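A short worksheet on the structure shown next.
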Amino acid sequence: MVLQRKGTTGEALRRATLNEVASSIVTGHNIEQLMRNLGFLRPDGRLTMAAVLLFAKSAQRWLPTMTAKCICFVGDHVGGTQFRDKVSEELMEGNLLHQFETIMSFFTRNLRNIQVDANFNSKGRLEIPYDTLLEFTVNACVHRSLNLNAPIRVFIFDDRVEIHSPGTLPNGLQVEDVMAGTSMPRNRFLFDNAIHLLPYTGAGSGIQRALAQGVNVQFNNNEQLREFLIVIQRPNIDGNHQIGKSNYQNAGTPIDSNHQAGESNHQVEEGNHQKLERVKLTKLQEDIRNFCSVPRTSQEIMDRIGITNQSKNRRRHIGVLIEMGILQLTIPENPRAKNQKYIRRR
C-alpha cells in the first residue's frame, strides 16, 4: 500500500534499487536500516536464520538442512526400498512458502480422492481432508526448531501419513496443551512474519480445526528423538488397512530404488502421469499446460503469465508443474541446459 501511494509499482518498482524501495517505505532509510528495524539482521550484519527461511530465493544455500524430505513409500515401513514418489532436493529448494506449497502438492498427488456423492461425476474429496493437512504442514514449517540440523520429514505409507517436525514442543508445552489450542511460538520472529506468507493465523486454533475434521491422528512429543511427530491414519478401503497395488491402480508399478531401469520404469512414469493429470489445476496452471503444447522456454512461459523470469517464479510456476507430472523437460539429462525447454506431457 505504501509503495502504491508513492507510485513505486510495476516498471518503476522493477527499476528501483533496494535502497530506493526502502526509502519509499520509510523516508530516509536504506535497506540495511530498514532490515535492522524489522529484526531481519543480527548485530553482526548477517541475516537471521528465520529471515533466510522467509525471504531467501535459495535458503538451502546457507541453511542446507532447513528443508523438507517427502517420500511416498510402498508398504508400511520407513526402511522400505520401494517408493511411489520422492520430491527431489532441487524441487524443494526455496523459502518457507515454496516448501509449504511443495509439501501440499506432494499430498494432493499421492493421496486418494474419495467419492462422497452418489453422482458418479461429482467431485471427490481428499481421503485426509486438505484443511487438516494444511494446518499440520503449516505448524511443522512455523514451529520447527532452527537449532537442529534436521529437515522436516513427510512420509506417506499405505496405511498412514507421518509428519516429523524437528524439535520437541517448546517452553514445557504438552500434547494436551496443543490439542486444547495453546500456542507458544518457538521463534518469535518466524511466528510473527509467517502469517504474511502462509495460510496461518497464529491464534492456536489450527490444530483444533484440523481435529474437527474427524481424522484419526496421534501426536508424539518425542524427547529421545527430539522431534514432534504427527501420525494420521489413512481410511480403510473395504475393511483392508493395506492399500496395496490393487488399490493403487493409477500409481503404476512400485518403484524399486535398486532396479530403476528399462520398460518397468517407463510403466511407472506412465502410471504416475495418469494419476497426476487428475490433480485439480488452477486456471493459471491450466493455461501454462496448454501453452506448452509445443516446447517453450522459461522466458516464454514467464512472458505468457506476465511476471519476471526469476528463479523463485520458475520454481513456483514451472517447477511445481514438473513435480506434478504435468510438464517435462526437453533435455532431462541436463536440467540447467542453456537451451532447456518445457513441454506438456502427452
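Keep in mind it's a predicted model, so treat the numbers as computed, not measured. In this chain, residues are counted from 1 in sequence order.
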- Task: Report the C-alpha separation of Glu227 and Arg144 in whole Å, then their side-chain angles, then the decisive distance to 0.1 Å, and conclude whether the salt bridge (charged side-chain N to carboxylate O under 4.0 Å, His left out) test is met.
- Result: CA-CA 9 Å; Glu227 69 173 16; Arg144 61 164 299 157; over 6 Å; no
- In plain terms, say whether Arg234 and Glu127 are close enough for a salt bridge, that is, a side-chain N and a carboxylate O under 4.0 Å apart. yes
- Message: Between Ile318 and Ile331, is there shared hydrophobic-cluster membership here, with clusters defined by ILVMFWY side-chain heavy atoms closer than 4.5 Å?
- Response: no
- Item | Stepwise side-chain contact (heavy atoms from CB on, under 4.5 Å) test for Arg153 and Glu162 | CA-CA 8 Å; Arg153 293 179 296 151; Glu162 294 183 357; over 6 Å; no
- Just wondering, do Met92 and Cys70 contact through their side chains at under 4.5 Å, heavy atoms? yes
- Task: Please name the residue in the list Val231, Ile128, Val215 that meets the side chain to side chain contact (heavy atoms under 4.5 Å, CB included) test with Val161.
- Result: Ile128
- At what distance, to the nearest 0.5 angstrom, does CG of Leu321 lie from CG of Leu284? 8.5 Å
- Message: Hydrophobic cluster membership, with links at side-chain heavy-atom distances under 4.5 Å among I/L/V/M/F/W/Y: are Met66 and Leu148 in one?
- Response: no
- Item | Check against side-chain contact (heavy atoms from CB on, under 4.5 Å), Val138 and His143 | CA-CA 8 Å; Val138 165; His143 294 298; over 6 Å; no
- The reported gap from CD1 in Ile156 to CZ in Arg109 (rounded to nearest 0.5 angstrom) is 8.5 Å
- Query: After noting the C-alpha distance and the side-chain angles of Lys283 and Asp287, does the key distance pass the side-chain contact (heavy atoms from CB on, under 4.5 Å) rule?
  - Reply: CA-CA 6 Å; Lys283 289 184 178 179; Asp287 183 66; over 6 Å; no
- Drop me the distance from Asp85's CG to Met324's CE, to the nearest 0.5 angstrom. 11.5 Å
- Message: Checking side-chain polar atoms at under 3.5 Å, does Asn309 have a donor or acceptor matched by the opposite partner on Arg314?
- Response: yes
- Flag yes if more than 12 heavy atoms outside Gln224 fall under 6.0 Å of its CD atom; otherwise flag no. no
- Message: If you define the side chain from C-beta out and look only at heavy atoms, does anything of Lys312 sit under 4.5 Å from His98?
- Response: no
- Message: Looking only at the side chains, is there a donor atom on one of Asn139 and Ser165 sitting less than 3.5 Å from an acceptor on the other?
- Response: no
- Message: For a 4.5 angstrom cut-off between non-hydrogen side-chain atoms, does Phe107 reach Thr137?
- Response: yes
- Item | Audit row: Ile305, Ile288, side-chain contact (heavy atoms from CB on, under 4.5 Å) steps and yes/no | CA-CA 8 Å; Ile305 60 180; Ile288 294 173; 3.9 Å; yes
- Side-chain contact test, heavy atoms from C-beta onward, threshold under 4.5 Å: evaluate it for Leu133 versus Ile232 and give yes or no. yes
- Just say parallel, tilted or perpendicular for the rings of Phe73 and Phe155, cut-offs at 30° and 60°. perpendicular
- Message: Please check this pair: side chain of Asn110 against backbone of Phe106, looking for a donor-acceptor N/O pair closer than 3.5 Å.
- Response: yes
- Query: What is the ring orientation for Phe219 with Phe136, classed by angle as parallel under 30°, tilted 30 to 60°, or perpendicular over 60°?
  - Reply: perpendicular
- Note on the structure: Glu89 meets the salt bridge (charged side-chain N to carboxylate O under 4.0 Å, His left out) criterion, sequence neighbours left out, with Lys69
- Message: Contact between Gln340 and Lys338 at the side-chain level, heavy atoms closer than 4.5 Å - yes or no?
- Response: no
- Task: Please test Asp303 against Arg296 for salt bridge (charged side-chain N to carboxylate O under 4.0 Å, His left out), starting from the C-alpha separation and ending with a verdict.
- Result: CA-CA 11 Å; Asp303 288 344; Arg296 305 285 190 180; over 6 Å; no
- Cluster question for you: counting only ILVMFWY and a side-chain heavy-atom cut-off of under 4.5 Å, with indirect links fine, are Ile230 and Met179 together? yes
- Under 3.5 Å, side chain of Thr65 to main-chain N/O of Pro151, donor-acceptor pair present? no
- Smallest heavy-atom separation, Ala140 atom then Ile152 atom, equals O-CD1, 3.5 Å
- Can you tell me how far the OH atom of Tyr342 sits from the CD1 atom of Ile322, to the nearest 0.5 Å? 5.5 Å
- Message: Any carboxylate oxygen within less than 4.0 angstrom of a Lys/Arg side-chain nitrogen, looking at Arg315 and Glu323?
- Response: no
- Can you get from Met104 to Ile163 by hopping between Ile, Leu, Val, Met, Phe, Trp and Tyr side chains that sit under 4.5 Å apart? yes
- Item | Heavy-atom check, side chain of Pro335 versus side chain of Glu90, under 4.5 Å | yes
- Task: Say whether Val154 and Leu229 are linked into one hydrophobic cluster, either directly or through other cluster members, by side-chain heavy-atom distances under 4.5 angstrom.
- Result: no
